[in-house]
Amino acid sequence: NLNILSCIMEGTQTVSTDDNQILIRCNTLNQINGFNLISNKMSYGRMAINYTSTLTSTNIVMKYNNLYNQTTRPMNLSKIEALDFGFNQLYSDASKTSNGGIYTTTLTGQMRFYNNSLINLGGARVWEGWTYGGTTVGHEALVFNNYFYGSSISSYVFDGGGAVNNIKFYNNTFVGNSINRTVNFNNYYGTNSNITFKNNIIHSNGQLIYFTANPTGLYIDYNNYYTTSVASWASFWGTSASSLAAIQSITGQDVNSVSINPQFVSVNDPHIINTDLIATGVYLPEVFVDIDGQSRNNPPTIGAVELIGPASRTLNLKLYLQGLYAGNSLMTPVQDDLGNGIKGSKYSDLIADLINIDIYDTNDVFVPVYSKTNVSISVDGLISLNDINIGLTGTYYIVINHRNSIETWSKPITFSNKLINYNFTTSASKAYGNNLVDVGNGIYAIYGGDNAKDGFVDIFDMIDVENDANNFVEN
């Protein structure tokens with residue numbers, strides 16, 4: 001067992017190839033079982049740590065360290081089982097570093113690589129790794145809440161060279177200035193398998209993600225892909241994709257992924273401004289805080305930073321009311337006496353009428369979880385509600401009530417994305433019990449005529465209409 005705690009180590013500030021300028025060095029036949037490197041500052045020198053043993057060391061803990069401006073790269077790690085690597089800052093600038101950030105090979109067991117900031121303003125890759133990952137399913141390596149930034153215009157940010165197995169990438173932010181690949185899974189030295197890639201931001205000027213071959217067991221979804229390149233967003237097993245839709249088509253996955261400019265606060269900073277990324281991810285129990293220690297929402301923000309902002313979803317609806325439907329996908333605005341014998345649109349020429357909307361959990365249809373009255377419905381049938389509680393994450397019925405229409409329930413809808421779209425007009429099956437009327441050309445509307453609001457259109461509704469007519473009631 002070896003502990004190095006709260007030390008300051010500094011090498012020469014000139015560019016060096018001297019092995020004596022490696023601050024911590026573990027040679028070919030060294031083996032360490034139990035090594036804690038915690039809260040140290042290591043600057044300059046050829047490398048901070050060079051661990052190149054041919055023997056496997058176990059239980060290595062490296063946390064809260066600051067590695068600054070090594071001339072080759074901050075760290076080489078090889079032949080380690082059960083690495084706990086968290087809350088470290090690795091920084092290299094262009095004047096000092098010509099050969100990348102961190103290089104790892106043959107990392108096995110339950111590796112944890114989390115809440116680190118790796119910023120490389122020099123050349124080569126930010127993280128380059130060969131043959132690493134968990135040994136078996138259930139003992140996966142977990143890489144989460146990390147920020148990777150590379151300024152090189154020609155090198156990858158993450159380069160998984162081969163045999164990347166049983167590894168999960170959750171809530172990382174990869175940012176590259178490269179016109180080359182940003183996240184690269186390339187089979188140089190073996191095949192990849194059992195890779196899960198969720199809730200990650202990839203942002204660059206070039207290709208975002210690259211897979212040489214289709215891994216056995218690839219699970220990829222809820223990511224944010226954003227590039228300024230129009231040529232190629234990604235490449236999956238030899239097929240290039242130039243849009244998110246193309247990525248989804250090739251992989252058959254990423255169905256919940258988005259393409260949103262994160263709007264970073266500044267260069268080299270993982271914090272973002274764009275609130276459109278709030279609640280776009282999927283909650284992962286392993287990642288309950290972000291890179292800053294801030295608790296994750298459910299659902300969370302994609303990327304390393306949990307963005308605090310309006311905790312709401314937006315529900316967009318489209319529906320028609322039978323009594324107002326005029327054809328050509330438009331409704332006539334409800335009319336009223338505007339005074340002085342003038343009749344016209346009661347609300348406006350763009351508003352058809354007002355309705356009430358309730359949302360019920362499918363497990364409790366007696367007490368609504370959301371209610372809103374006097375909601376305007378436009379003449380083209382559109383409604384937008386932007387105050388749906390983000391905590392509603394189950395399956396729900398949307399219930400529409402109008403003053404003289406049949407109460408109509410949607411089929412069950414799962415609230416998982418921040419933006420939810422639901423269209424009642426495309427099929428009778430969009431309503432519970434197929435309770436919609438065909439108004440022509442394959443367009444469906446909510447049944448009108450229930451003036452008594454008893455759930456039926458019958459003679460009692462006619463009596464109400466006749467009584468109102470006899471009393472000159474206009475609406």
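- Geometric assessment of K430 against the ring of Y422 yields a positive cation-pi assignment under the 6.0 Å and 45° thresholds.
- Open room surrounds NZ on K41; 12 or fewer heavy atoms of other groups in view lie less than 6.0 Å from it.
- In this structure the side chain of L208 never reaches within 4.5 angstrom of the side chain of I247, judged on heavy atoms.
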Inset, instruction - Could you check V175 against V157 for side-chain contact (heavy atoms from CB on, under 4.5 Å), going step by step and ending with a plain yes or no? - result: CA-CA 7 Å; V175 181; V157 173; over 6 Å; no

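- Among N59, T56, T58, the single residue meeting the side-chain hydrogen bond (donor to acceptor under 3.5 Å, both in side chains) criterion with N33 is T58.
- In plain terms, the two heavy atoms of I351 and S376 that are nearest each other are CD1-CB, 3.9 Å.
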Legend entry - Verdict with reasoning, D254 to Y225, per side-chain hydrogen bond (donor to acceptor under 3.5 Å, both in side chains): CA-CA 10 Å; D254 267 321; Y225 300 103; 2.7 Å; yes

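- Once rounded to the nearest 0.5 Å, the distance linking OH of Y170 with CG of L142 reads 7.0 Å.
- Side chain to side chain, T395 and T362 fail the donor-acceptor criterion of an N or O pair below 3.5 Å.
- The aromatic rings of H203 and F264 sit perpendicular to each other, their planes meeting at more than 60°, with 30° as the lower class boundary.
- Environment of CG in L5: crowded, with over 12 heavy atoms of neighbouring residues, nucleotides or ligands closer than 6.0 Å.
- Residue Y370 qualifies as enclosed at atom OH: its count of foreign heavy atoms under 6.0 Å is above 12.
- Nearest approach of T301 to R296, heavy atoms of both residues: O-NH1, 3.2 Å.
- With contacts defined as side-chain heavy-atom distances shorter than 4.5 Å, the pair S235/Q207 qualifies.
- Relative orientation of the F185 and F169 rings is perpendicular, given thresholds of 30° and 60° on the angle between their planes.
- Between the side chains of N145 and D290, not a single donor N or O lies within less than 3.5 Å of an accepting N or O.
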Inset, instruction - Please report the C-alpha distance between N316 and L382 in whole Å, then the side-chain angles of each, then the deciding distance to 0.1 Å, and finally whether the side-chain contact (heavy atoms from CB on, under 4.5 Å) criterion is met. - result: CA-CA 7 Å; N316 292 326; L382 299 180; over 6 Å; no

Inset, instruction - Give the intermediate values and the outcome of side-chain contact (heavy atoms from CB on, under 4.5 Å) for residues I302 and N223. - result: CA-CA 7 Å; I302 291 175; N223 300 295; 5.6 Å; no

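- In terms of heavy atoms, I195 sits closest to F211 at CD1-CE2, 4.2 Å.
- No option in T182, I220, N184 other than I220 meets the side-chain contact (heavy atoms from CB on, under 4.5 Å) test with I209.
- In this structure, K168 NZ and M111 CE are separated by 13.0 Å, a value rounded to the nearest 0.5 Å.
- Under the side chain to side chain donor-acceptor pair (under 3.5 Å) criterion, N88 pairs with N65, N116, sequence neighbours left out.
- Only one option out of I201, V287, N146, V183 pairs with N172 in a side-chain contact (heavy atoms from CB on, under 4.5 Å); it is N146.
- A donor-acceptor contact shorter than 3.5 Å links the side chain of N199 to the backbone of V282.
- The side-chain heavy atoms of I400 and I398, taken from C-beta on, include a pair separated by under 4.5 Å.
- Judged by distance alone, the side chain of E10 and the main-chain N or O of S43 form no donor-acceptor pair under 3.5 Å.
- Centroid-to-centroid, the aromatic rings of Y397 and Y360 stay 6.0 Å apart or farther.
- Between A48 and M42, the shortest heavy-atom distance links the atoms CB-SD, 3.8 Å.
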Inset, instruction - For S371 and D358, run side-chain hydrogen bond (donor to acceptor under 3.5 Å, both in side chains): C-alpha distance rounded to whole Å, both residues' side-chain angles, the deciding distance at 0.1 Å, then the answer. - result: CA-CA 4 Å; S371 293; D358 295 300; 2.6 Å; yes

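- Summarising the geometry, atom CG belonging to L419 is positioned 4.5 Å from atom CG belonging to N421; distances are rounded to the nearest 0.5 Å.
- The shortest side-chain heavy-atom distance between Q253 and D221 does not fall under the 4.5 Å cut-off.
- Residues M9 and I4 come closest through the heavy atom pair CE-CG2, 3.7 Å.
- Here the shortest heavy-atom pairing between G206 and T227 reads O-OG1, 2.8 Å.
- Panel note: side chain W237, backbone A213; no donor-acceptor pair is recorded below 3.5 Å.
- The distance from atom CD1 of I260 to atom CG of N274, rounded to the nearest 0.5 Å, is 6.5 Å.
- Distance check, rounded to the nearest 0.5 Å: CZ of F158 to CG of L118 gives 11.5 Å.
- Within the 4.5 Å cutoff, the side chain of V305 has no heavy atoms near those of the T173 side chain.
- The distance from the OH atom of Y91 to the OG atom of S117 is 10.5 Å, given to the nearest 0.5 Å.
- Formation of a donor-acceptor pair under 3.5 Å by the N374 side chain with backbone atoms of I355 is not found in this model.
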Legend entry - side-chain contact (heavy atoms from CB on, under 4.5 Å) assessment of F144 paired with N115: CA-CA 7 Å; F144 64 96; N115 291 67; 3.9 Å; yes

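- Two residues are said to be in side-chain contact when any heavy atoms from C-beta on lie closer than 4.5 Å; L244 and W233 meet this criterion.
- Considering only heavy atoms from C-beta on, I383 comes within 4.5 Å of I357 through its side chain.
- Distance alone, capped at 3.5 Å, places no donor-acceptor pair between the S204 side chain and the G176 backbone.
- In this structure the side chain of Q263 never reaches within 4.5 angstrom of the side chain of I272, judged on heavy atoms.
- Tested against Y114, the residues Y147, F87, F85 include a single ring-ring contact (aromatic ring centres under 6.0 Å, His included) partner, F87.
- A donor-acceptor pair under 3.5 Å is absent between the side-chain atoms of D361 and the main chain of Y396, judged by distance alone.
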